[in-house]
There are 2 protein chains.
Amino acid sequence: MRRNVLFIMCDQLRYDYLSCAGHKSLQTPNIDRLASRGVRFTNAYVQSTVCGPSRMSAYTGRYVRSHGSSWNGVPLRVGEPTMGDHLRELGVRCALIGKTHMAADDEGMERLGIDKDSIIGVHVSECGFEPFERDDGLHPTSSYDPDPIYDAYLRQHGFNAENPWEHWSNSGEGENGENFNGWLLKHADKAARIPEEHSETPYMTRRAMRFIEEAEAGGESWCAHLSYIKPHWPYIVPAPYHNMYGKADVQPAIRDESERVSPNPVLAAFQNERFSRNFSRDEVRETVIPCYMGLIKQIDDQLGHLFAFLEERGLFDTTMIVFTSDHGDYLGDHWLGEKYMFHDQSVKVPMIVYDPSAKADEMRGTTSDALVQMIDLAPTFVDFFGGKAKPHVLEGRSLLPLVHGREGGQWRRYAISEYDYSGDMARLEIGLPVTDSRLYMITDGRYKLVHGQGVPPMLYDLETDPLEFVDLGRDPASAATISRLREALLHWFATPVNRITVSNDRFTRLDDAMRHFDPLIGPGILIGYWDEAELAAEHAARAAWREKQGLK
Amino acid sequence: MRRNVLFIMCDQLRYDYLSCAGHKSLQTPNIDRLASRGVRFTNAYVQSTVCGPSRMSAYTGRYVRSHGSSWNGVPLRVGEPTMGDHLRELGVRCALIGKTHMAADDEGMERLGIDKDSIIGVHVSECGFEPFERDDGLHPTSSYDPDPIYDAYLRQHGFNAENPWEHWSNSGEGENGENFNGWLLKHADKAARIPEEHSETPYMTRRAMRFIEEAEAGGESWCAHLSYIKPHWPYIVPAPYHNMYGKADVQPAIRDESERVSPNPVLAAFQNERFSRNFSRDEVRETVIPCYMGLIKQIDDQLGHLFAFLEERGLFDTTMIVFTSDHGDYLGDHWLGEKYMFHDQSVKVPMIVYDPSAKADEMRGTTSDALVQMIDLAPTFVDFFGGKAKPHVLEGRSLLPLVHGREGGQWRRYAISEYDYSGDMARLEIGLPVTDSRLYMITDGRYKLVHGQGVPPMLYDLETDPLEFVDLGRDPASAATISRLREALLHWFATPVNRITVSNDRFTRLDDAMRHFDPLIGPGILIGYWDEAELAAEHAARAAWREKQGLK
């Protein structure tokens, strides 16, 4: 039976802004319905707390330490194997509809003589995807993403401007048609200047449907990465979503005055950023969060259409559907805005996995608190399509054993996330060189340690302090816990997945032979033999073993 | 002025088997003369203690953790930047004459559509070198290296056989013309069945001369990697070198009975290997070591010819010459044979750097005890040819400041080496998974720590125990030292050089701007601004800064 994967990713969607995840005033019935048909993971961690590296981890199934694309705009090095590469090997068409935040390694391609416009060159440039529609949702006038199809679409529909994305879809409109700068938080309560059907989320949903129709018509197995730009800023949403929620729907900020008293220097630096200072003000939260909720509600509504589209075509019988996000959004919690740090609001994401297989029936509608990671998705898809595990390349683990109820909560001991703050004011404030400006988070589910060079550790006890108000990193009583987690981190470092050109099997397949004789005497590389008698004895040992194995 | 590099590497040559390094019975006047014209480094460490990964570190200027080619035969991943890539950027022709132990990443090239036979494909296959002559000196009948030019050369000169390398150059001949298997240590005292001039070392030396003539005729700057296969096994050497040294010249084994009393399990496993058991016998040492010395003497004589050749052409005025080895050889010291472990006999190598520049005059004939590493050579060559440092790719440091006497002994705090024992019996004996079978050595010059998962640490105090007889790894009194070195190792791990697609400068060039305003408002990405007033204030700050910088 032909199988497919629909891999839906939101951008900057917090784990707790879904009704199935317990949000008190936001209803997301379509996403909830997906959760009721699949498994919802309540401890899903991304491998970096900013778009680019988190996505590169998702698309390679590898930690940032391995793929090296440690910040937005850092090109993914040519040759880094991607989800698309692994799935194409299995005959699956792997396409992108939306955002990746990929920067192409032009220098590397030039060094290797790869034509950017060739099929392979496009895959290398688009982190392994066929770019059915690439749209990073970031169109400043500086021409970051100079000519997206969506802009042409807007112009086609009469929305003309130098930058129609900004002028129409991401600006606010006053009651008398005035234009409000949609980048400014103050205007998050205005409606975007675009009829809802032409805004980004419905547009991208329709593009996903077009891809699926095309792939289905071609009779191909497919993996469609529908990658929504929202609810990422600019925080602005068209009517009717712009005023669907109000102040009363805004949940209290998760923060405590004590968090501002002698915070860790890295945390202090991020609390001191404009986005944090603004989101620490109630006025800002009360203006932006209803919009953020509206953006999510719009996604949920669009997913309703998409799921109906799939149902009509019977695709729920053959298609694995994953719903997740690349990282969260502090929205003022912990006196922070944006992401970057490692509180759950930032590093934890929604993760729902719907598997159409009968094997998944028993677990439908359940939640799992197993520690899972974004890098688990690539191996999950390989597994779903019947591919062989590749632990020498893919650092995650297939989630299917959890989705099928074959394994439980003690499935992984540690989740790890990384953040490179070389480009942040925090580096300047702390006064570290670029090379030292990296943070590593490790959690065993109970404790969460953040390790960085030249700064004290941060430690949270998620059991006694689930809201993560108390940083125990400088508490002498925590020394043993910190030491234990640092040991685990050292273990992780000391077991790199860098030997990507040969499988682990290459080293283990001779184990039994090696227990009985020196396997190198086969090809005739004789290391350390004294004389003919020793060699003859070893050849005899080899012959005896081979006879036992039924080999000639 | 056109400049060149002659990069000479031996294989398995110990740091202390040169007369300039204090060997008592071996005279190497030509190498000594090079040392008298350059700087000899007495603490030069390789990044892995086996050929392939050590060489991949040499040829990429990167640690094994970074290039991933952790054992012999593990292909260097396509796209890993090499010395050849960096030097070609500077207009230098970078050629190989001899061994690299490179395995090509055929799968990776296929995935990227790189034709193996194209110029780029050949560079990728030959770890960045133009293979003027590739010869790994390993020709088992299994066709590891199926058709080397040297075999054709032998046949041309009448040395016919299915495998002329093995049959003539690496077999011994008895007094009545009998054939002795040159792979067996017992026959190390026989002369190889080949007239000296046709053996590998003189052949490869002549090939280097041919390359230099060709490159000089072409008026090109060149880097010639003359990579001798010897004194690596098979331990056999032609007359007159086969009996130039005898038992009386063999120095006492550096070993102590205490080293066999409850050794660390990894060390125990290697002491238990056939090569270690045999080399622990005096008969074996007394048979093999004179041959090993003869092989080195032959190299020294050939270097005499090569240096004369360079002198005649005035090339000593323009050519940097480096002499080193990929790792050492225990030869029975510490009850071990071969290499793999991290005693100085294995992990330390000879390293002589001759720089023709006048700046180097003051230091000629001196030694330096600075901690230097094999990965320092690639940045040294880049520096010598006037290239820009690339710390985001090259993990070593240019040695020129040391060679010019501008910096001294406190130049680097730690040297690091790695060994992947996935393919060794040690893994089976200890019972570890492949992923955990890695050792990391870190030394600060005084102490040397070997860290491995699932085994106790090994620790040597090089000051109180320069012969490394006493493993302090399980001594409670060493806890603080071990802890300190583990911290340093964690720091090394936590500062990976994996962001190879952008320079560090990309993160620092905006430092001053960032101190004065938000650099993102230039391109118009406005993160966290509340209103027009805030934005205007930031634009004003930007304008003021730009005016101060003399920018419009």
Side-chain angles (χ1 to χ4, degrees), chain A residues 65 68 70 74-75 77-79 85 105 108 111-114 118 120 138 140-142 144 183-186 274-275 278 284 337-338 422-423 425 428 434-436 438 440 453 490-491 493-496 498-502 504 507-508 511 514-515 523-532 535, chain B residues 65 68 70 74-75 77-79 85 105 108 111-114 118 120 138 140-142 183-186 233 274-275 278 284 337-338 422-423 425 428 434-436 438 440 453 490-491 493-496 498-502 504 507-508 511 514-515 523-532 535:
Chain A
R65 66 158 179 192
S70 66
V74 172
R77 61 182 290 183
V78 60
D85 292 322
D105 180 9
R111 203 168 62 234
L112 294 176
I114 299 168
S118 66
I120 287 172
L138 259 186
T141 37
S142 72
Y144 182 98
W183 290 97
L184 301 177
L185 302 177
K186 188 181 176 184
R274 179 188 307 273
F275 49 77
N278 273 333
V284 175
E338 292 286 301
S422 301
M425 264 309 287
L428 294 180
V434 162
T435 45
D436 279 2
R438 303 231 183 175
Y440 297 88
Q453 211 53 42
L490 182 62
H491 183 194
F493 277 124
T495 50
N498 61 359
R499 195 178 51 205
I500 65 170
T501 55
V502 294
N504 294 345
F507 294 93
T508 53
D511 279 5
M514 197 157 65
R515 283 195 177 93
I525 302 173
L526 309 177
I527 305 177
Y529 289 82
W530 169 243
D531 63 5
E532 288 78 1
L535 187 56
Chain B
R65 66 159 179 192
S70 67
V74 172
R77 62 183 288 182
V78 61
D85 293 323
D105 181 8
R111 201 168 64 232
L112 294 176
I114 299 168
S118 66
I120 288 171
L138 258 187
T141 39
S142 73
W183 290 97
L184 301 177
L185 303 178
K186 188 181 176 182
W233 45 256
R274 178 189 306 274
F275 48 77
N278 272 332
V284 175
E338 290 287 299
S422 300
M425 265 308 289
L428 294 180
V434 162
T435 47
D436 279 3
R438 302 230 182 176
Y440 297 89
Q453 211 53 41
L490 181 63
H491 183 195
F493 277 124
T495 50
N498 60 358
R499 195 178 52 205
I500 65 170
T501 55
V502 295
N504 294 344
F507 294 93
T508 53
D511 279 5
M514 197 158 65
R515 284 195 175 92
I525 302 172
L526 310 177
I527 305 176
Y529 288 82
W530 169 244
D531 63 5
E532 288 78 1
L535 187 56

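Order of the sequence lines fixes the chain letters, A, B, ..., with proteins taken first and strands second; residue numbering starts at 1 for each chain.
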Could you state the interatomic distance from CG (D511(B)) to CG (L428(A)), rounded to the nearest 0.5 Å? 4.5 Å

What part of E338(B) lies closer than 4.5 angstrom to a heavy atom of chain A: side chain, backbone, both or neither? side chain

To the nearest 0.5 Å, atom CD1 of I527(B) lies from atom CZ of R274(A) at 11.0 Å

How long is the gap from CZ on R515(A) to CE on M425(B), to the nearest 0.5 Å? 7.0 Å

Report yes if some heavy atom in the side chain of Q453(B) is under 4.5 Å from a heavy atom in the side chain of L490(A); otherwise report no. no

Tell me, out of A494(B), G108(B), P496(B), who's got the most heavy-atom pairs with chain A below 4.5 Å. A494(B)

Check whether any side-chain heavy atom of T435(A) sits under 4.5 Å from a side-chain heavy atom of F507(B), and report yes or no. no

Hey, what do you get for NZ (K186(A)) to CG (L535(B)), rounding to the nearest 0.5 Å? 12.5 Å

Best-contacting candidate, S422(A), G337(A), S118(A), G113(A), against chain B by heavy atom pairs under 4.5 angstrom: S422(A)

Check each atom of N278(B) against the heavy atoms of chain A and say whether the ones under 4.5 Å are side chain, backbone, both or neither. side chain

Residue among Y440(A), F275(A), W530(A) with most heavy-atom pairs under 4.5 Å to chain B: W530(A)

Region of I114(A) in contact with chain B, defined by heavy-atom distances below 4.5 Å: side chain

Out of V284(B), T495(B), N504(B), L184(B), which one racks up the most heavy-atom pairs below 4.5 Å with chain A? L184(B)

Measuring heavy-atom distances to chain A, does L112(B) have an atom under 4.5 Å in its side chain, in its backbone, in both, or in neither? both

Portion of I120(A) that has a non-hydrogen atom of chain B nearer than 4.5 angstrom: side chain

Rounded to the nearest 0.5 Å, how far does CZ of R438(B) lie from CZ of F493(A)? 14.5 Å

Out of V502(A), I500(A), T501(A), which residue meets the side-chain contact (heavy atoms from CB on, under 4.5 Å) rule with D105(B)? T501(A)

I'd like to verify something: which residue of D85(A), V74(A), L185(A) has the highest number of heavy-atom pairs under 4.5 Å with chain B? L185(A)

If you compare all heavy atoms of S70(A) against all heavy atoms of R499(B), which two are closest, and at what distance to 0.1 Å? OG-CD, 3.0 Å

